[in-house]
Participant: 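Here you go, one structure.
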Protein chains: 2
Amino acid sequence: MVTTQPKGSPDEADLTRADSLAREIFSDIANKWALLIIETLGERTMRFSELRNEVEGISHKMLTQNLRMLERNGLVERHVHPTVPPRVDYTLTQPGQALRATVDGMCDWTHRYFGHIEAARHRFGT
Amino acid sequence: MVTTQPKGSPDEADLTRADSLAREIFSDIANKWALLIIETLGERTMRFSELRNEVEGISHKMLTQNLRMLERNGLVERHVHPTVPPRVDYTLTQPGQALRATVDGMCDWTHRYFGHIEAARHRFGT
DNA sequence: CAGGATCCAAACGGATACTG
DNA sequence: CAGTATCCGTTTGGATCCTG
């Protein structure tokens, strides 16, 4: 990722294809809601309505949309219980858990550098 | 982050303030371009036009916008050389470098689970 | 309860033109 | 070269209504 493509390489086509796919995946998951969902779901399996409550501020629409995307990329597994009313559980897959570890890092970072950031903002003006 | 606020805590006001600030910071940096800039700038100090070339696909506007935001949050330092034509260097601060480490993790993840993701997408339909 | 569909306002983001 | 400002189409995302 972030690679300046070596344009002369033999399997250039595959490299660029892989590169653009990597980029696409990155774009998918590098967004606020997706990362918050991954982080939240990391704690434990949850159903739709639980997620809705735990991920503060997320709308119905954004939650479904991101869950579908995460499922498509194999980060989340969706289990439908054929009951009525329906019950759907969402769980992080192993790749999802692996990514969650790095998202944890981002969260830790936010807390560790909280002071730095406030100071920087003050220096900056706003 | 991602906390279900303990509404009864004594310094509740401070907690929610800190929480919403943490959330704001998270929203700022958890976006595609910001993370790509951090990742790219992690390699070395670069000037505006270099960044423009290295961060593939980024527009002039998005680059300036995100650089300002990163500067405001103390992740990036901006050094203006008073020459003509002007030359501006951007460098990651120490907090920026720290965050970069976790972004590296995300990039590694993308490559490590590349196969899983392709397979998942295939199973999913698209 | 889970989630699809629709409407619509707000934001994002690219292209372009202009300045020091 | 670096950066601001503006125009304007595209996308996002919330609110709402509807189904199994």
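Chain naming here is simple, since letters A, B, ... match the order of the sequence lines and numbering starts at 1 in each.
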Participant: Write out a two-atom table: protein N or O, nucleotide N or O from nucleotides 9-11 of chain C, distance below 3.5 Å.
Facilitator:
none

Participant: Could you check how far CG of Leu51(A) sits from C1' of dC1(C), rounded to whole Å?
Facilitator: 14 Å
Participant: To the side chain of Tyr90(A), which of dG3(C), dA2(C), dA2(D) is closest?
Facilitator: dG3(C)
Participant: Rounded to whole Å, please give me the gap between CZ in Arg52(B) and C1' in dG3(D).
Facilitator: 12 Å
Participant: Which pairs, with at least one residue in residues 76-87 of chain B and sequence neighbours excluded, count as a salt bridge (charged side-chain N to carboxylate O under 4.0 Å, His left out)?
Facilitator: Arg87(B)-Asp89(B)
Participant: Could you list all the salt bridge (charged side-chain N to carboxylate O under 4.0 Å, His left out) pairs where at least one residue sits in residues 104-116 of chain A, not counting sequence neighbours?
Facilitator: Arg100(A)-Asp104(A)
Participant: Verify the contact: side-chain N or O of Arg87(B) to OP1 or OP2 of dA2(D), cut-off strictly under 4.0 Å; return yes or no.
Facilitator: no
Participant: With under 30° as parallel and over 60° as perpendicular, where do the rings of Trp109(B) and Tyr113(B) fit, or are they tilted in between?
Facilitator: tilted
Participant: Assigning hydrophobic clusters by single linkage (Ile, Leu, Val, Met, Phe, Trp, Tyr; side-chain heavy-atom cutoff under 4.5 Å), is Met106(A) placed with Phe114(A)?
Facilitator: yes
Participant: Checking side chain to side chain contact (heavy atoms under 4.5 Å, CB included) between Thr91(B) and each of His79(B), Gln97(B), Met46(B), which is the one that passes?
Facilitator: His79(B)
Participant: Considering all heavy atoms of both residues, which atom of Tyr90(A) and which atom of Arg68(A) are nearest to each other, and what is their separation?
Facilitator: OH-NH1, 3.5 Å
Participant: Compare every heavy atom of Ile38(B) with every heavy atom of Gly96(B), then report the nearest pair and how far apart it is.
Facilitator: O-CG2, 4.1 Å
Participant: Quick one: do Val80(B) and Val76(B) end up in the same hydrophobic cluster if we chain Ile, Leu, Val, Met, Phe, Trp and Tyr together by side-chain heavy atoms under 4.5 Å apart?
Facilitator: yes
Participant: Would you mind reading off the distance between Leu63(B) atom CG and dG14(C) atom C1', rounded to a whole angstrom?
Facilitator: 14 Å
Participant: Please report, rounded to the nearest Å, how far the P atom of dG3(C) is from the NE2 atom of His81(A).
Facilitator: 11 Å
Participant: Which of the following nucleotides, dC1(C), dG20(C), dG3(D), is nearest to the side chain of Pro86(B)?
Facilitator: dG20(C)
Participant: Do Met69(B) and Asn66(B) have side-chain heavy atoms sitting under 4.5 Å apart?
Facilitator: yes
Participant: Side-chain contact, heavy-atom cut-off 4.5 Å: Thr64(A) with Phe48(A)?
Facilitator: yes
Participant: Could you write out each protein N or O paired with an N or O of nucleotides 13-15 of chain D at a distance under 3.5 Å?
Facilitator:
from	atom 1	to	atom 2	distance (Å)
dG13(D)	N7	Lys61(A)	NZ	2.9
dG14(D)	OP2	Ser59(A)	OG	2.4
dG14(D)	O6	Lys61(A)	NZ	2.4

Participant: Whole angstroms only, please: what is the CG-P distance between Asp89(B) and dA2(D)?
Facilitator: 9 Å
Participant: Of the residues in residues 68-80 of chain A, which ones touch DNA chain C at a heavy-atom distance under 4.0 Å?
Facilitator: Arg68(A), Arg78(A)
Participant: Kindly say whether Ala22(A) contributes a backbone atom to a donor-acceptor pair with the side chain of Thr110(B) at under 3.5 angstrom?
Facilitator: no
Participant: If we fit an axis to the first five pairs and another to the last five of the helix from dC1(C)-dG20(D) to dG20(C)-dC1(D), what angle do they make, to the nearest 10°?
Facilitator: 40°
Participant: Can you figure out which of dG3(C), dG3(D), dC1(D) approaches the side chain of Thr64(B) most closely?
Facilitator: dG3(D)
Participant: Check the distance between dC12(C)'s P and Lys32(A)'s NZ and give it to me in whole angstrom.
Facilitator: 10 Å
Participant: Taking all non-hydrogen atoms of both residues into account, name the closest pair between Asn31(A) and Asp28(A) and its distance.
Facilitator: ND2-O, 3.0 Å
Participant: Do you know which two heavy atoms are closest between Leu63(A) and Ile37(A), and how far apart they sit?
Facilitator: CD1-CD1, 3.7 Å
Participant: Taking only Lys NZ, Arg NE, NH1 and NH2, and the carboxylate oxygens of Asp or Glu, determine whether Glu39(B) and Arg23(A) approach each other closer than 4.0 Å.
Facilitator: no
